Student: 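This is the structure I have questions about; it appears just below.
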Amino acid sequence: MIWILLSILKILGIVLLILLGLIVLLICLVLFAPVKYRAKGAKHPDELYVNAFVSYLRPLVRVRVEYPSDEILSVKILWFDLLHPKEKKTKKKKRAEYKIYPDPALDSQDTAPIDKRIIDDIESPADHAYDPKKSTESTKAHSAGENSGSDHNSPGQSAHKKAGQKAARKAKSASHTGKDTENRLVAIAALLYPYKEMYPDVLGRVFHALKSILPRKCNIHLIFGTGSPDNTGYLYGAYCALSEYLPGTIVFEPVWMESYLDVEFELSGKIRLIHFVTAAVKIIADKRVRRFISEIRRL
């Protein structure tokens, strides 16, 4: 009996270890397996083409974007194509020609017979004749309704009154919520100054995570003009200031006196989720960040 229990526990332990190993393997794949991307394209005054490819564990997931092409977007998981392109119809089916033949029975008559039910539905002039008894009864009912409405509110008036009260309550609650949100924003703005020392560390970790997204290979040739020399000059000045931090080779040629766009690009890189997870863990582990979040929740 004991040996049977030990064998069952052994089998359960092996199964649990296998499941745990599969979970760890999946987590490692999600965190460390890179998402690879590459793109190439150009935009000329009379031409536009783009060719981009994204893959994750390349035989597993593949996404391709190509323009101009018959199949602009293609998504494949293993050998399954999620977006089935429509097959082109090489042969056009001839439309069936329908001929209308005249009906001799209709041609023999000038007008179609009128349905008797339509005639019965038409009201005769006698229905609208003046009846003194009905007129006196209607005037008495109208006067009785006016007298009763003078003493009590009609259902329509009470409904309008309730709707007005409901709208007033809604406006009052909206004004209160607006004041509450305004006061909360002011309180949050007041908390920003005491925690100014943590901003460089937090932003540095965020930029370090975003840096991993930047392409490792980047070649861009841009000829650009906004039509306004001032705006083009601002953009060119920003490019000159940030050119040392931009990846790869980026060439920006300004066009001062006209609106113009001509660009050619080629880039490729990898994205790993582990960089964003580590940056988020480091930011949350900071005591100043947790204290700042707790004080915001108290507001």
Side-chain angles (χ1 to χ4, degrees), residues 8 10-44 46-93 202-222 224 242 245-251 261-285 289:
I8 293 171
K10 183 180 179 180
I11 294 170
L12 290 174
I14 292 170
V15 172
L16 289 174
L17 286 175
I18 292 172
L19 292 175
L20 183 61
L22 291 174
I23 292 171
V24 173
L25 179 62
L26 289 174
I27 293 172
C28 291
L29 285 176
V30 171
L31 292 177
F32 295 98
V35 177
K36 298 180 181 179
Y37 66 90
R38 66 174 183 268
K40 184 178 180 181
K43 169 64 176 70
H44 300 299
D46 55 349
E47 183 183 6
L48 171 64
Y49 74 91
V50 177
N51 188 351
F53 181 75
V54 180
S55 65
Y56 176 72
L57 298 175
R58 185 168 182 174
L60 184 61
V61 181
R62 290 161 291 168
V63 180
R64 183 181 296 276
V65 178
E66 189 174 358
Y67 181 84
S69 175
D70 296 334
E71 187 179 354
I72 297 176
L73 178 63
S74 174
V75 181
K76 293 183 179 181
I77 297 177
L78 291 178
W79 55 86
F80 299 103
D81 191 359
L82 299 183
L83 300 177
H84 298 283
K86 295 182 179 179
E87 296 181 358
K88 293 183 179 179
K89 295 182 180 180
T90 55
K91 296 182 179 180
K92 295 182 179 179
K93 294 182 178 180
V202 173
L203 292 176
R205 290 174 182 137
V206 172
F207 287 139
H208 182 71
L210 294 176
K211 190 177 179 180
S212 63
I213 303 177
L214 296 177
R216 296 183 177 182
K217 180 182 178 181
C218 180
N219 296 319
I220 299 175
H221 186 198
L222 176 64
F224 180 71
L242 300 174
Y245 305 98
L246 296 176
T249 303
I250 300 177
V251 179
L261 176 61
D262 191 341
V263 59
E264 294 182 359
F265 65 90
E266 182 180 2
L267 50 91
S268 62
K270 300 178 180 179
I271 301 174
R272 285 187 174 88
L273 187 61
I274 186 65
H275 298 291
F276 299 96
V277 174
T278 52
V281 169
K282 288 180 181 179
I283 291 172
I284 294 172
V289 175

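Since we're looking at a predicted model, the values are computed, not measured.
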Student: Just verifying a value: how many Å separate Leu31 CG and Leu26 CG, rounded to the nearest 0.5 Å?
Tutor: 11.0 Å
Student: Would Thr249 and Ile220 count as a side-chain contact (heavy atoms from CB on, under 4.5 Å) here? Give the steps.
Tutor: CA-CA 6 Å; Thr249 303; Ile220 299 175; over 6 Å; no
Student: Please name the pair of heavy atoms, one in Glu266 and one in Lys217, separated by the smallest distance, quoted to 0.1 Å.
Tutor: OE2-NZ, 3.6 Å
Student: Count the heavy atoms belonging to other residues, nucleotides or ligands that lie under 6.0 Å from NE2 of His44, then report whether that count exceeds 12.
Tutor: yes
Student: Quick one: are Phe53 and Arg62 in side-chain contact, heavy atoms under 4.5 Å?
Tutor: yes
Student: Could you give the distance from CD1 (Ile18) to CD1 (Ile23), rounded to the nearest 0.5 Å?
Tutor: 12.0 Å
Student: Indicate the atoms forming the closest heavy-atom contact of Lys270 with Tyr37, along with that distance.
Tutor: N-CE2, 3.7 Å
Student: Does any part of the side chain of Leu267, heavy atoms only, come nearer than 4.5 Å to the side chain of Asn219, both counted from C-beta?
Tutor: no
Student: Kindly indicate whether the side chain of Val277, heavy atoms from C-beta on, has any atom under 4.5 Å from the side chain of Lys282.
Tutor: no
Student: Check whether any side-chain heavy atom of Val202 lies under 4.5 Å from a side-chain heavy atom of Phe207, and answer yes or no.
Tutor: no
Student: Between Ile284 and Val289, does a side-chain contact (heavy atoms from CB on, under 4.5 Å) hold up when you go through it step by step?
Tutor: CA-CA 6 Å; Ile284 294 172; Val289 175; 5.9 Å; no
Student: Walk me through it: do Lys36 and Arg58 pass the test side-chain contact (heavy atoms from CB on, under 4.5 Å)?
Tutor: CA-CA 8 Å; Lys36 298 180 181 179; Arg58 185 168 182 174; over 6 Å; no
Student: With a 4.5 Å cut-off on side-chain heavy atoms, are Val54 and Val65 touching?
Tutor: no
Student: Please tell me if the side chains of Ile27 and Val24 come closer than 4.5 Å, counting only heavy atoms from C-beta onward.
Tutor: no
Student: Take atom NZ in Lys43; do more than 12 heavy atoms of anything else shown fall under 6.0 Å from it?
Tutor: yes
Student: Would you say the side chain of Val75 lies within less than 4.5 Å of the side chain of Leu73, judging by non-hydrogen atoms?
Tutor: yes
Student: With rounding to the nearest 0.5 Å, note down the distance linking CG in Leu17 to CG in Leu12.
Tutor: 11.0 Å
Student: Under 4.5 Å between any side-chain heavy atoms of Val63 and Ser55, yes or no?
Tutor: no
Student: What's the shortest heavy-atom distance between Ala42 and Glu264, and which atoms?
Tutor: CB-CG, 3.8 Å
Student: About how many Å separate CD1 of Ile77 and CZ of Phe80, when rounded to the nearest 0.5 Å?
Tutor: 9.5 Å
Student: Would you find more than 12 non-hydrogen atoms of other residues, nucleotides or ligands less than 6.0 Å from Tyr67 atom OH?
Tutor: no
Student: Where the side chain of Arg272 meets the backbone of Phe32, is there a donor-acceptor pair that is under 3.5 Å apart?
Tutor: yes
Student: Any chance you could measure Leu203, atom CG, to Leu210, atom CG, to the nearest 0.5 Å?
Tutor: 10.5 Å
Student: When you measure from the side chain of Ser212 to the backbone of Ala209, do you find a donor-acceptor pair of N or O atoms at a distance under 3.5 Å?
Tutor: yes
Student: How close do Tyr56 and Val35 get, counting heavy atoms only, and between which atoms?
Tutor: CD1-CG2, 3.7 Å
Student: Roughly how far, to the nearest 0.5 Å, is the CD1 atom of Ile283 from the OG1 atom of Thr278?
Tutor: 9.5 Å
Student: Should Leu222 and Ile250 be marked as a side-chain contact (heavy atoms from CB on, under 4.5 Å) after you check the CA-CA gap, both sets of side-chain angles, and the distance that decides it?
Tutor: CA-CA 8 Å; Leu222 176 64; Ile250 300 177; 6.0 Å; no
Student: Could you check whether any side-chain N or O of Arg64 sits under 3.5 Å from a backbone N or O of Lys76, counting only pairs where one atom can act as donor and the other as acceptor?
Tutor: no
